[in-house]
Amino acid sequence: MPELPEVETTVRGLRPVLEGRRLTRVEPRRADLRHAIPADLRQRLTGAVVTQLGRRAKYGLIDTDRGDTLIFHLGMSGRWRIDPAEIGKHDHLLLETEAGHRLALNDPRRFGSLDLLQTERLEDFPAFKALGPEPLGPELTIAYLAQKLDGRTAPIKLLLLDQRVIAGLGNIYVCEALNLARINPRKPGGGLSSIALQRLIEAIPKVLTAAIDAGGSTLRDYARPDGELGYFSSQFRVYGREGEKCPYDGGTIRRQVDGGRSTFWCPKCQR
DNA sequence: CCGACAACCTGACGGC
DNA sequence: TGCCGTCAGGTTGTCG
């Protein structure tokens, strides 16, 4: 379930086994995921020491002492497995460290991606150029959001899914944030009151941070990155909860389809 | 510029 | 047991 919190959780889980470690084996097991895997990936990474792990939006970043950054995206179904018992058919990249750990990037649907860039040229990465601000960073302000939504007639839900507006939100956490902020998902983005905007700007980091914290505890329990929906779903306010009660006012949660994707919301408080 | 829609790919699940 | 339809966390391109 890789939205921002899951990628962040993944990065945190990978740090202990990768940071400061030398990669002794790098094995791509197919030529492409969503797009081609760089042909020189094995050659450039083998023998390199991982210096640092990071995240931008839903992308994980793995820096090496050779000045390269491996950029991974988990798509819809991607996750890293640490020390798997055996290699599965959807393990598309294998890494082995000098310390003896084995990592596998597993992605059945292959909507994910792998890219390798020089670290100092990271801003040139096409997918990064149009990204909006990080929702957990200082750039996401009411002023920014108000300006970005001004005049937009598209439903606020779709605008929040647009990575150019805010980078890192996906279907689950947009539903969650809109419920917490008590905003109707179909409300035109430009039509939000400043009060609603205020609630939204508070709800977004709140929802994401709670999910990361839950992921963190999950990680401690499972000791490895894992994108299974089940781990976080017990804390969802509305997502996947059609027919259940809204935690704010007990309204009955409904599901509707917008732009081909499910929206879960409470008609009572999200007006 | 905008919105609607299809496409990419596999697996899980429910109904019959 | 199996077959079929539906659905799933994301992104990108095309068309009107």
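For clarity, every value in this text was computed on a predicted model and none was experimentally measured. Residue numbers begin at 1 in each chain, while the letters A, B, ... track the order of the sequences.
- The side chain of A/Ser262 places no N or O atom within less than 4.0 Å of a non-bridging phosphate oxygen (OP1 or OP2) of C/dC7.
- At the phosphate of C/dG10, neither OP1 nor OP2 sits under 4.0 Å from any side-chain N or O atom of A/Arg34.
- Note on A/Lys89: every side-chain N or O is 4.0 Å or more away from OP1 and OP2 of B/dC9.
- Between the P atom of C/dG10 and the OH atom of A/Tyr173 lies a distance of 10 Å, rounded to the nearest Å.
- With C/dG10, B/dC2, B/dG11 as the candidates, the nucleotide lying closest to the side chain of A/Thr153 is B/dC2.
- With the nearest nucleotide of DNA chain B identified for both A/His90 and A/Phe111, A/Phe111 has the one nearer the 5' end.
- Comparing A/His73 and A/Phe264 by the nucleotide of DNA chain C whose heavy atom lies nearest to each, the residue mapping closer to the 5' end is A/Phe264.
- Remark: A/Phe128 pairs with A/Tyr59, A/Phe125 by the ring pair (Phe, Tyr, Trp, His ring centres under 6.0 Å) rule, at least two apart or across chains.
- Applying the side chain to side chain contact (heavy atoms under 4.5 Å, CB included) criterion to A/Arg21, with sequence neighbours excluded, gives A/Thr97, A/Ala99.
- The pair A/Glu123-A/Arg121 does not meet the salt-bridge criterion, since no charged nitrogen lies less than 4.0 angstrom from a carboxylate oxygen.
- Between A/Asp107 and A/Arg79 no salt bridge is recorded (no basic side-chain N to carboxylate O distance below 4.0 Å).
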For side chain to side chain donor-acceptor pair (under 3.5 Å), just list the numbers for A/Asp63 and A/Thr69, CA-CA rounded to whole Å, side-chain angles, deciding distance to a tenth of an Å, and then say yes or no. CA-CA 4 Å; A/Asp63 292 356; A/Thr69 296; 2.7 Å; yes
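- Under 3.5 Å, the side chain of A/Arg109 and the base of B/dC9 form at least one donor-acceptor pair of N or O atoms.
- C/dG10 atom P lies 19 Å from atom CD1 of A/Ile71, rounded to whole Å.
- For DNA chain C, each stem of at least three Watson-Crick or G-U pairs (distances under 3.5 Å) is given as range with range: B:2-8 with C:10-16, B:10-16 with C:2-8.
- For A/Arg261 against C/dA8, no side-chain N or O and base N or O form a donor-acceptor pair under 3.5 Å.
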